[in-house]
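Just below is one structure, and these are the notes that go with it.
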Amino acid sequence: LRIETVDHAALVVAVDAALDTEKRVARHLSLTSSPVPLLWHYSVMDVTDPAAAIADRYLVTDWSMPLDASDMTIEGRAV
């Protein structure tokens with residue numbers, strides 16, 4: 001973490017904001033999909049599913065594409 005501030009009070013505010021962000025509980029998503037919607041990794045995907053009450057952006061952290069043409073597995077972390 002790199003922070004540049006003009007005084008101590010600004011430093012405290014900036015560090016508190018960074019800590020609040022880091023303390024948030026990470027939301028993860030694991031899903032399967034077909035036909036192959038993602039052929040790359042570390043991309044951001046928008047996931048909307050009203051039935052599951054999900055409407056967030058996720059950073060793709062892992063994916064697998066089986067060579068037998070079965071469903072692709074995608075893992076993501078909310079951003």
Side-chain angles (χ1 to χ4, degrees):
L1 175 65
R2 224 175 229 188
I3 299 174
E4 291 184 26
T5 60
V6 295
D7 60 20
H8 185 271
L11 175 63
V12 169
V13 169
V15 169
D16 284 344
L19 287 173
D20 286 342
T21 299
E22 291 298 320
K23 288 191 288 186
R24 280 189 281 172
V25 175
R27 292 184 321 271
H28 294 273
L29 177 71
S30 179
L31 57 95
T32 56
S33 183
S34 178
V36 191
L38 294 172
L39 292 177
W40 57 88
H41 56 82
Y42 298 109
S43 296
V44 175
M45 63 182 174
D46 291 315
V47 177
T48 304
D49 184 352
I54 296 172
D56 289 312
R57 298 190 100 187
Y58 288 85
L59 174 68
V60 175
T61 56
D62 192 25
W63 61 268
S64 66
M65 186 177 67
L67 298 177
D68 65 0
S70 60
D71 289 349
M72 177 178 197
T73 303
I74 306 165
E75 305 284 332
R77 181 176 192 253
V79 292

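Keep in mind that this is a model prediction, so the values were computed, not measured.
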How close do Ala14 and Ile3 get, counting heavy atoms only, and between which atoms?
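Looking at all heavy atoms of both residues, the closest pair is CB-CG2, 3.7 Å.
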List the atom of Leu31, the atom of Ser33, and the distance in Å for their closest heavy-atom pair.
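It is CD1-CB, 4.1 Å.
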How would you list, by chain and number, every residue that makes a side-chain hydrogen bond (donor to acceptor under 3.5 Å, both in side chains) with [X], sequence neighbours excluded?
X: Ser30; answer: Glu75
X: Asp46; answer: Arg57
X: Asp56; answer: Arg27

Please tell me whether Leu19 and Leu11 are part of a single hydrophobic cluster in this structure, the criterion being side-chain heavy atoms less than 4.5 Å apart.
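Per the 4.5 Å side-chain linkage, Leu19 and Leu11 are co-clustered.
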I need the Ser34 OG to Met72 CE distance, nearest 0.5 Å.
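It comes to 10.0 Å.
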Reported OG1-to-CE distance for the pair Thr73 and Met65, which is rounded to 0.5 angstrom
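With rounding to 0.5 Å, OG1 (Thr73) is 11.5 Å from CE (Met65).
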